[in-house]
Amino acid sequence: MRKSIDVLRSVKKYIAEDVLPDYEVRLSSEEGAWERPFCRVAWSTSGNQRAIGKLQLELRRTLSIVVWPVESATADEGKLVAEAVVEALTLAFSMGLHTDSYRSASNRAHPRRIPVWDYDGVPLTAAVAENARATTDFATVIDDPEIGDIDDPNTPKSRVVTGDIRLRWTRSVAVAAEGEVVVGVPLESQAS
């Protein structure tokens with residue numbers, strides 16, 4: 001759990017369900033034609049890792065998000081649509097939008113945290129259930145999200161939204177025990 005692919009697929013799920021539910025959201029590795037509104041999610045860096053003791057690694061990696069909103073009728077309308085997408089992504093990666101993570105005391109999700117689901121054994125195109133994660137499994141946004149819009153090279157009436165999100169998460173590297181596990185060792189008392 002919490003491998004890079006788990007985090008990438010979790011960001012895809014988070015965007016598709018909580019941020020841009022009307023958009024088709026895909027990983028860069030998923031082939032096929034697409035139509036607007038569309039969002040592509042991919043790693044943009046190879047990342048780095050460091051050991052935290054003997055049993056955990058801390059991983060850091062930057063994520064790239066590219067969003068093609070619906071094609072607009074005018075350039076001004078295209079700017080407004082793009083600004084709405086920028087706002088939605090900014091809130092998602094700074095304030096948090098995952099409703100199942102809402103805390104009753106604050107009535108909001110965890111800020112700067114993205115829920116991480118366990119995709120082990122789940123095919124790339126298959127969905128994962130909401131309960132396929134521990135309530136404490138999150139990736140943390142470690143730098144301010146860089147999200148903005150740029151000219152769409154295909155049409156002057158629309159904009160493209162891009163974002164770079166720097167994430168950090170931990171994962172266990174403990175080797176699972178095989179065979180019998182020692183749970184105790186009886187000590188014999190020695191009389192002298």
Side-chain angles (χ1 to χ4, degrees), residues 1-49 57-70 81-82 84-102 109-150 152 159-171:
M1 171 95 177
R2 295 189 189 165
K3 294 180 233 170
S4 289
I5 191 64
D6 291 323
V7 174
L8 184 64
R9 291 177 75 182
S10 294
V11 170
K12 173 191 168 187
K13 176 179 171 65
Y14 178 59
I15 291 173
E17 293 179 1
D18 294 317
V19 186
L20 302 172
D22 297 332
Y23 283 64
E24 180 180 353
V25 181
R26 289 193 197 168
L27 302 177
S28 62
S29 62
E30 294 176 295
E31 296 293 328
W34 54 269
E35 294 181 17
R36 293 174 180 258
F38 180 78
C39 176
R40 182 183 58 86
V41 179
W43 291 120
S44 58
T45 64
S46 58
N48 61 33
Q49 59 188 7
L57 287 177
E58 178 185 84
L59 296 98
R60 292 175 182 238
R61 203 161 180 189
T62 302
L63 181 78
S64 171
I65 299 168
V66 182
V67 182
W68 290 267
V70 292
V81 171
V85 173
V86 168
E87 179 70 10
L89 289 171
T90 300
L91 286 175
F93 290 102
S94 55
M95 298 305 295
L97 296 176
H98 185 243
T99 54
D100 288 332
S101 297
Y102 271 36
H110 295 285
R112 299 178 78 104
R113 292 200 184 139
I114 309 305
V116 177
W117 287 270
D118 184 1
Y119 283 91
D120 192 35
V122 178
L124 187 60
T125 56
V128 69
E130 183 61 37
N131 65 356
R133 62 180 289 271
T135 57
T136 56
D137 282 340
F138 289 94
T140 303
V141 178
I142 55 175
D143 293 326
D144 291 337
E146 296 178 21
I147 301 168
D149 60 291
I150 59 173
D152 186 329
R159 310 279 294 164
V160 175
V161 176
T162 64
D164 288 321
I165 314 296
R166 184 93 170 129
L167 298 175
R168 175 186 70 215
W169 68 96
T170 57
R171 75 174 276 212

Non-hydrogen atoms of [X] and [Y] that approach each other most closely:
X    : Y    : result
L27  : R40  : C-CG, 4.5 Å
V19  : A88  : CG1-O, 3.7 Å
S4   : L59  : OG-CD2, 4.5 Å
D118 : V128 : O-CG2, 3.7 Å
W68  : W34  : CD2-CH2, 3.8 Å

Measuring only between side-chain heavy atoms, which start at C-beta, is [X] closer than 4.5 Å to [Y]?
X    : Y    : value
R166 : F93  : no
I165 : V11  : no
L63  : V41  : yes
R133 : V116 : no
P37  : L20  : no
V67  : Y23  : yes

(request) Apply side chain to side chain donor-acceptor pair (under 3.5 Å) to Q49 and list each qualifying residue two or more places apart in sequence or on a separate chain. (result) none

(message) I'd like to check the side chain to side chain donor-acceptor pair (under 3.5 Å) partners of E24; sequence neighbours left out, ordered by chain and number.
(response) R26

(request) Flag the pair D143 and R112 as a salt bridge only when some basic side-chain nitrogen lies within less than 4.0 angstrom of an acidic carboxylate oxygen. (result) no

(message) Check whether R61 reaches the backbone of L167 with its side chain - one donor and one acceptor, N or O, closer than 3.5 Å.
(response) no

(request) Check the pair V66 / V160 against side chain to side chain contact (heavy atoms under 4.5 Å, CB included), numbers first and verdict last. (result) CA-CA 7 Å; V66 182; V160 175; 3.6 Å; yes

(request) With side chain to side chain contact (heavy atoms under 4.5 Å, CB included) as the test, would you mind laying out the steps for R9 and L124 before giving the verdict? (result) CA-CA 8 Å; R9 291 177 75 182; L124 187 60; 4.1 Å; yes

(message) The test is side chain to side chain contact (heavy atoms under 4.5 Å, CB included); show your working for Y119 and S10 and say whether it passes.
(response) CA-CA 9 Å; Y119 283 91; S10 294; 3.7 Å; yes

(request) Take I65 and C39, measure what side chain to side chain contact (heavy atoms under 4.5 Å, CB included) needs, and give me the verdict at the end. (result) CA-CA 7 Å; I65 299 168; C39 176; 3.7 Å; yes

